[in-house]
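Throughout, a chain's letter reflects where its sequence line sits, starting with A, and its residues are numbered from 1. As a basis for the values below, the full set of heavy atoms in this structure was taken, side chains included, without hydrogen atoms, waters or symmetry mates.
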2 protein chains.
Amino acid sequence: MANIKNKLSEKGLKITPQRLSILEAVYNLSHPTADDIIKYIRQKHSNIATGTVYKVLDTFIQKGLIKKVTTDKDVIRYDGLLIHHHHLHSSKDILIKDYIDEELDKILNDYFQKKKIKNFKIEEITLQIRGKFKK
Amino acid sequence: MANIKNKLSEKGLKITPQRLSILEAVYNLSHPTADDIIKYIRQKHSNIATGTVYKVLDTFIQKGLIKKVTTDKDVIRYDGLLIHHHHLHSSKDILIKDYIDEELDKILNDYFQKKKIKNFKIEEITLQIRGKFKK
DNA sequence: TCCTAAAAGAGAACAGTTCTCATATAAGGA
DNA sequence: TCCTTATATGAGAACTGTTCTCTTTTAGGA
């Protein structure tokens, strides 16, 4: 909690109850939509306006506190995990899991160090790995 | 055009002017939204109902004639390129380009042949390469 | 040519997101 | 601690993209 407050002030953001609970929600939920976040806060903390949630999420993205997740759906999902990682996507449903693999990242870096893409400067490579989760 | 008709009948779909022009639009436009497709058809061919476009695009996806593009935006984009490929995403704007690289695909296949992901069966790996296009 | 299942059209409904503007509040300074 | 003010929030309207409903039209086989 003090941790979350620090993250806000590090970025020069005013500490408000809404911002604290939104950031907490993003950290505790897995790749949530704005609606997931709203429900989480309303049940756990107190009421919050939907507009506030969208605006705060935008601010957090601007400041690099969270990221958007890329999917082929028309709802936006958010991600609080900031270290470089990839995503495992279920081919059946909407389940998404984080996938961290430094060895793979090294292979990709080495590969694109040698093989340049014409007229393009790479900033970040993320894999979408689609498949089936076994239980 | 005869080509497009073949693709429809191969999948057991009735050949209608709407389907022909939607498929043509997806082939001629680069990762279009439904709205891009509607505008293209209205200007080039004739009027078409928006509901028809969405429904036909859905049918095409079901039959494997096109795919959705994954982005972090809340509009869905479609892709007519069916061979396995990756995407270069502009970090500034919405520009997306196809990236085909069989050598890379082989490296990834080999890598994941050795290194299994626990409780997950990979079906397809696509890279999102984010960066800057130079002109 | 006729018949019928399937497709398309029109627009209402819906969901997700953004906008507007009045009110409330965080946080720096007196 | 109390003011002050820039900034944030709330409430709900507006907007955008997508889906749904229901009627009319049409493709394509008999």
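Taking atom CD1 of A:I37 as the reference point, atom P of D:dT9 lies 14 Å away to the nearest angstrom. Between B:R19 atom CZ and C:dG9 atom P the separation is 12 Å, expressed in whole Å. Residue A:K11 contributes atom NZ, which lies 17 Å from atom P of C:dA27 at whole-angstrom precision. If you measure from atom CG of B:L13 to atom P of C:dA5, you get 18 Å, rounded to the nearest angstrom. Between B:K39 atom NZ and D:dT16 atom P there is a gap of 11 Å when expressed in whole angstrom units. Computed from coordinates, the A:I38 CD1 to D:dG12 P distance equals 15 Å when rounded to whole Å. A straight line from CD1 of B:I15 to C1' of C:dA8 spans 16 Å, rounded to a whole angstrom. When the P atom of C:dG9 is taken as reference, atom CD1 of B:I22 falls 8 Å away, rounded to whole Å.
Two residues, A:T52 and B:G51, neighbour DNA chain D, and the one matched to the more 5' nucleotide by heavy-atom proximity is A:T52. Both A:K55 and B:K14 lie close to DNA chain D; mapped to their nearest nucleotides by heavy-atom distance, the more 5′-ward contact belongs to A:K55.
Counting only N and O atoms by type, the side chains of B:D101 and A:Y111 include a donor and acceptor under 3.5 Å apart. The closest side-chain donor-acceptor pair between B:H89 and B:D72, if any, does not fall under 3.5 angstrom. Looking at B:T52 and B:Q18, their side chains never bring a donor and an acceptor atom within 3.5 Å of each other. Residues B:D98 and B:H31 have side chains that bring a donor and an acceptor to within less than 3.5 angstrom of each other.
More than 12 heavy atoms of other residues, nucleotides or ligands lie within 6.0 Å of NZ in A:K73, so this atom counts as buried by the packing criterion.
Contact check, A:T16 against C:dT25: no side-chain N or O comes under 4.0 Å of OP1 or OP2. For B:N47, a side-chain nitrogen or oxygen approaches OP1 or OP2 of C:dA10 to under 4.0 Å. The phosphate of C:dG16 has neither OP1 nor OP2 within less than 4.0 Å of any side-chain N or O from A:T50. For D:dT18, the OP1/OP2 oxygens have a side-chain nitrogen or oxygen of B:Y54 closer than 4.0 Å.
No side-chain heavy atom of A:L29 sits less than 4.5 Å from a side-chain heavy atom of A:Y78. Contact annotation: the side chain of B:L127 never approaches that of B:Y99 to less than 4.5 Å [non-hydrogen atoms, C-beta and beyond].
Listed in residue order, the members of residues 59-78 of chain A having a heavy atom less than 4.0 Å from DNA chain C are A:V75, A:I76.
A salt bridge between B:K67 and B:E124 is present, with a side-chain N of the basic residue lying under 4.0 Å from a carboxylate O of the acidic one.
Distance from the side chain of A:Q18 is smallest to D:dT9 among C:dG9, D:dT9, D:dG28.
Atom CD of residue B:Q128 and atom OG1 of residue B:T70 lie 3.5 Å apart, to the nearest 0.5 angstrom.
Checked options B:K5, B:K44, B:R19, B:K7; the residue passing with B:E24 is B:K44 (criterion: salt bridge (charged side-chain N to carboxylate O under 4.0 Å, His left out)).
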Q: Treat a base pair as Watson-Crick or G-U wobble with both distances under 3.5 Å, then lay out DNA chain C in dot-bracket form, 5' to 3', with | for cross-strand pairs.
A: ||||||||||||||||||||||||||||||
